[in-house]
Structures are given as C-alpha cells and as structure tokens.
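FYI, side chains are in, hydrogens and waters are out, and symmetry mates aren't considered; it's all heavy atoms of this structure. In what follows, chains are A, B, ... by sequence order, proteins preceding strands, each numbered from 1.
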Number of protein chains: 2
Amino acid sequence: MRVLLIEDDRSLADGIATALRHGGYAVDLAVQGREGVALAHAAQPDVILLDLGLPDIDGIEVLRQLRSGGLTSSVLILTARDDLTSKVRGLDAGADDYLTKPFEVDELLARLRALERRAGLSVSAELTIGDVTINLASHEVTRAGEPVKLSRREFTLLRALAERPGHILSREQLEDKLYSWGEEVSSNTVDVHIHNLRKKIYPEFIQTIRGVGYKLGAK
Amino acid sequence: MRVLLIEDDRSLADGIATALRHGGYAVDLAVQGREGVALAHAAQPDVILLDLGLPDIDGIEVLRQLRSGGLTSSVLILTARDDLTSKVRGLDAGADDYLTKPFEVDELLARLRALERRAGLSVSAELTIGDVTINLASHEVTRAGEPVKLSRREFTLLRALAERPGHILSREQLEDKLYSWGEEVSSNTVDVHIHNLRKKIYPEFIQTIRGVGYKLGAK
DNA sequence: GGGCTAAATTAAGGCAGACTTAAGGTTGGC
DNA sequence: GCCAACCTTAAGTCTGCCTTAATTTAGCCC
C-alpha cells in the first residue's frame with residue numbers, strides 16, 4: 001500500500017509520514033503542489049493525502065490536475081479550513097474524503113483503512129474468440145474491429161457458445177439458454193439463428209458437429 | 001440512485017428524505033435498527049445513511065449486521081456524538097464516511113456524491129458522454145455547450161445511464177433508481193421519460209437494446 | 001451411387017416490445 | 001389557493017424479431 005503525502009508543513013508532514021510508516025504504508029512526500037502532481041504520476045500511489053493550503057498552487061487546483069491527468073488513486077484532503085464551501089468544492093473536484101486539522105492519527109488510519117476497503121475494480125467482462133470480441137455488458141460485438149449488430153436471441157446463442165470455446169453444445173442445451181421453462185419451442189429456431197449469426201460474422205466461425213451440435217473456434 | 005435512511009427522529013428524517021428526493025434520489029426510510037437491516041436487504045440501496053443513536057439496537061451493531069449479511073452498499077454514519085472513539089469504531093466497523101449533527105444539507109449531498117464516486121460509479125463531479133456534460137452538483141446538463149433543461153426524473157434517469165456508459169440498464173433497474181419502496185409504478189413511465197430525454201438531447205444518444213434495456217453511447 | 005437423415009436456407013406471418021401522444025393528476029412554488 | 005410544470009396512465013401505432021414450415025443442400029453408410 002503506497003501513500004503520497006502532499007503537505008508543506010515540514011514537521012507535520014514528518015510526523016504523519018512516520019506514523020504511516022509505522023502502520024505499514026510506503027510513504028512518498030511532496031512539500032509543494034507541482035512536486036506533488038509530478039510524484040503522483042511517477043509513484044502511482046494507492047492513496048494521496050492532499051493538504052489544501054499549499055504555498056505554490058491551490059490544493060483544489062492540484063486535485064483537478066491530478067484527475068484530469070487520469071489519475072485514479074483515492075484522494076483524502078487534509079485541510080485547516082473547516083468552512084463548508086471548500087469541503088464541498090474538494091469533494092466535487094474528485095476527492096474521496098477529507099479530514100479537518102487538527103486530527104488524530106488514529107482517525108487518519110481509520111479513514112485510510114476505509115479507503116482501502118473500496119478497492120473493488122470493475123472489470124469489463126469481454127470475451128474474445130479469434131478476431132471476434134463480445135462485450136457482455138453492452139452487448140456489443142465486433143468482428144475484426146467492425147461492429148456487428150445482433151438481435152437478442154443471436155447474442156444469447158453467441159455468448160453461450162463463446163463461454164466455452166471449443167466445447168460442443170447440443171441444440172437442446174442451446175435451447176435451454178434461449179427459453180425459460182414453459183415456453184419451449186418446437187421448431188428449428190436454433191438452426192435459423194445459427195444461420196443468421198454465420199451470415200453476420202462469417203460461416204466458419206461456428207462449426208457444426210453433425211449429429212451432436214455446434215461449437216466455436218479452437219479448430 | 002437509491003438511498004436508505006435509518007433515523008429515528010421522525011421530523012429530521014422527513015426533512016432529509018424530502019431534500020434527498022429533490023436531489024433526485026429514491027429514498028427508503030426506516031425508523032428502527034431492525035427495520036433498517038431488513039429494508040437494506042429488500043431495497044438494495046446504493047447508500048445507507050445510518051443514525052448511530054437508534055432506540056432498539058446500537059447503530060454500530062446495525063452496521064455490523066449489515067456487513068456480515070454481505071451488504072456492499074456505502075454507509076454514511078450520522079451521529080450527534082462527536083467523540084472520536086465512536087467515529088473510529090464506526091469507520092472500522094465498515095462505514096465509509098460519517099457526518100456529525102447538526103449538518104447542512106449541502107454537505108450531506110456533497111458527501112453522497114463523493115460516496116457515489118468511490119463506489120466506482122463515476123470519477124468526478126461532472127460526467128461527460130460525447131458532447132453531453134452532466135454536472136451532478138448543480139444538475140446542469142449541456143449538449144454541445146447548449147444548456148438542456150431536464151426535469152427531476154429525466155435527470156435521475158440520465159445520470160443512472162451516464163454513470164455506466166456503455167452498460168445496459170433494464171427498465172427494472174431504471175425504475176429502481178427512480179422509485180422507493182412502496183411507490184412502485186405500473187406503467188411505461190421509463191419509456192416516456194426516455195422518449196422525452198431523447199427529444200431534449202437527441203434520439204441516438206440513448207440506445208435501445210430490444211428485450212434488454214437502454215444504454216448510452218460509448219461508441 | 002442411392003437412400004436416408006441432418007443441417008442449411010429462405011420467406012412469410014404474427015407478435016411482443018418499443019415508441020408516441022395526449023389526457024388527467026399530482027406536486028410544488030408563489 | 002392558484003397556476004404551471006411535471007409526472008403517470010393508457011391507448012394506439014409501429015417495427016424488428018422470432019418462429020414456423022417448406023424446400024434445398026450436404027453428409028454418411030451401405
């Protein structure tokens with residue numbers, strides 16, 4: 001866990017840094033805004049502790065520069081100002097939390113733990129088979145970078161096949177993916193949708209195993 | 001965005017709830033700890049506002065039950081106690097933030113926005129999708145620099161979609177963002193609001209995935 | 001190669017889901 | 001307490017998709 005502390009008051013900064021190191025954090029220290037922005041990009045910290053009262057640049061401006069530079073670290077603002085507006089401005093400029101000076105080290109540590117907890121990354125689930133990508137969240141499918149427009153049933157079928165590339169799925173299994181209980185179907189729908197999929201992507205993309213079912217890739 | 005408020009002081013609770021609803025949140029209200037735990041599971045709120053001084057169970061205990069029940073909503077503690085220990089205990093028990101009473105509604109709203117941000121919903125106070133910008137704090141929306149006037153419901157819908165650009169949200173999910181428990185709606189309101197949004201912005205801005213839901217750009 | 005079965009192809013009809021519109025109802029501001 | 005804005009309903013229209021089924025093509029075994 002890496003922390004970047006941007007704080008111009010040297011003795012306060014040293015005190016915090018020591019406490020954090022005791023707490024098992026790796027701490028980088030910057031005493032000016034510009035320096036802080038540079039270090040943030042160099043050190044890629046998990047959390048940034050940002051003092052609002054910096055000598056060279058306004059803290060909120062630093063925050064803005066960090067965010068517009070694409071930085072995703074959590075930011076905790078340290079401020080002597082307890083006026084509402086700068087708190088609100090700070091939070092709206094992309095801070096995750098703030099702490100008013102003076103504060104107790106225990107509270108700082110507690111807030112850091114709270115920030116750590118929210119480390120859940122949202123992974124955009126995407127399947128790739130050959131030059132075909134399937135975005136599960138947006139239902140977007142591309143083939144060699146070109147978007148392919150699929151209907152609901154087509155998408156469901158394709159996903160079912162793409163989830164187990166190389167495995168053969170029978171018509172029956174595929175129907176199970178398409179239809180819920182009590183709305184079974186009595187025709188060759190699966191065949192038809194497979195056919196349409198092949199037309200939209202390319203024929204060899206889906207292989208037929210005669211008498212068994214269909215499968216993707218892994219030729 | 002859905003908020004669960006657990007607060008035993010009825011008039012305070014009503015005040016907060018009204019303010020939040022104005023801000024475009026769907027608000028569920030519980031006046032007791034047990035009730036709160038139950039509702040949290042039923043309503044699946046994005047954020048829980050938890051008063052520590054509840055009549056039946058201690059607030060921290062409520063929090064513990066919520067977390068051990070696997071709930072991942074962000075929790076913001078409201079407390080009259082400004083003593084450090086209960087703050088720290090709260091944060092360690094899994095709260096994401098706290099606010100000491102009395103507080104200003106503006107600050108509550110700012111903290112809510114900050115919580116939403118951390119939950120990975122958005123990175124800054126302003127969302128931009130294509131040439132449309134959405135200011136979460138002021139509720140101002142512009143399209144190609146031109147201001148667009150949206151109603152409350154329209155704004156809430158747009159925000160929900162904009163928080164996860166490219167992701168598809170079903171009508172059901174969108175309704176959850178608009179309505180609190182017990183005020184469910186049985187018509188095509190979502191459709192209508194989407195339609196009005198499209199008229200005010202432009203039709204292709206919101207895409208329909210037939211049989212699945214709606215999504216924004218990300219093209 | 002002939003016969004048989006499985007799969008591919010095609011097109012049409014029907015329908016469910018989505019869009020549109022307008023009329024009440026409700027709410028909030030003054 | 002009135003007015004305007006906004007929200008909900010509901011009905012009607014539209015459209016893209018799905019299913020159906022009939023026909024053609026391909027694969028396999030003897």
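A side-chain hydrogen bond (donor to acceptor under 3.5 Å, both in side chains) with Y214(A) holds for exactly one of Q207(A), R171(A), Q173(A); it is R171(A).
Nearest-nucleotide positions on DNA chain C place V212(A) closer to the 5' end than the other of R152(A) and V212(A). Both K199(B) and H22(B) sit near DNA chain C, but only K199(B) has its closest nucleotide nearer the 5' end.
In this model, no donor atom of one side chain and acceptor atom of the other lie less than 3.5 Å apart for T133(A) and N135(A). Residues R198(A) and T208(A) bring a donor and an acceptor atom of their side chains to less than 3.5 Å of each other.
Look at NZ on K149(B): it is 11 Å from P on dC7(D), rounded to the nearest Å. At whole-Å resolution of the value, CG in D191(A) and P in dA6(C) are 12 Å apart. Atom CG in L174(B) sits roughly 16 Å away from atom C1' in dG17(C) (whole-Å rounding). Distance, I194(A) CD1 to dT19(D) C1': 16 Å, rounded to whole Å. Counting to the nearest Å, the P atom of dA18(C) and the CD1 atom of I168(B) are 12 Å from each other. Put simply, CZ on F155(B) is 14 Å from P on dC6(D), counting in whole angstrom units. Nucleotide dT27(C) holds its C1' atom 16 Å from the CG atom of L178(B), rounded to whole Å. As rounded to whole Å, 13 Å separates atom C1' of dT20(D) from atom CD of E175(A).
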Exercise. Assess whether side-chain contact (heavy atoms from CB on, under 4.5 Å) is satisfied between L197(B) and Y202(B), documenting all intermediate values.
Key: CA-CA 8 Å; L197(B) 272 173; Y202(B) 49 87; over 6 Å; no

Quiz item: Where do K215(B) and E140(A) land on the salt bridge (charged side-chain N to carboxylate O under 4.0 Å, His left out) test, with the steps shown first?
Solution: CA-CA 11 Å; K215(B) 71 168 182 175; E140(A) 277 162 350; 2.8 Å; yes

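Note on T208(B): only backbone sugar-phosphate atoms sit closer than 4.0 angstrom, heavy atoms only; bases stay farther off. Contact annotation for R21(B): no contact, since no heavy-atom pair falls under 4.0 Å across all strands.
Taking only side-chain nitrogens and oxygens, R153(B) comes nearer than 4.0 Å to OP1 or OP2 of dT8(D). Residue Y214(A) has no polar side-chain atom (N or O) positioned under 4.0 Å from OP1 or OP2 of dA7(C). Side-chain nitrogen and oxygen atoms of S186(B) include none within less than 4.0 Å of the OP1 or OP2 phosphate oxygen of dT8(D). Put simply, H193(A) has no side-chain N or O that comes within less than 4.0 Å of OP1 or OP2 on dC17(D). The side chain of H195(B) contributes no N or O atom lying less than 4.0 Å from OP1 or OP2 of dC19(C). Remark: S151(B) is in phosphate contact with dC7(D), judged by side-chain N or O atoms under 4.0 Å from OP1 or OP2.
If you check distances only, the side chain of N188(A) does reach the base of dT9(C) with a donor-acceptor pair under 3.5 Å. Donor-acceptor pairing under 3.5 Å, judged by distance alone, is absent between the side chain of N196(B) and the base of dT20(C). A donor-acceptor contact under 3.5 angstrom links the side-chain atoms of R210(A) to the base of dA6(C).
Heavy atoms from other residues, nucleotides or ligands lying under 6.0 Å from CZ of R164(A) number 12 at most.
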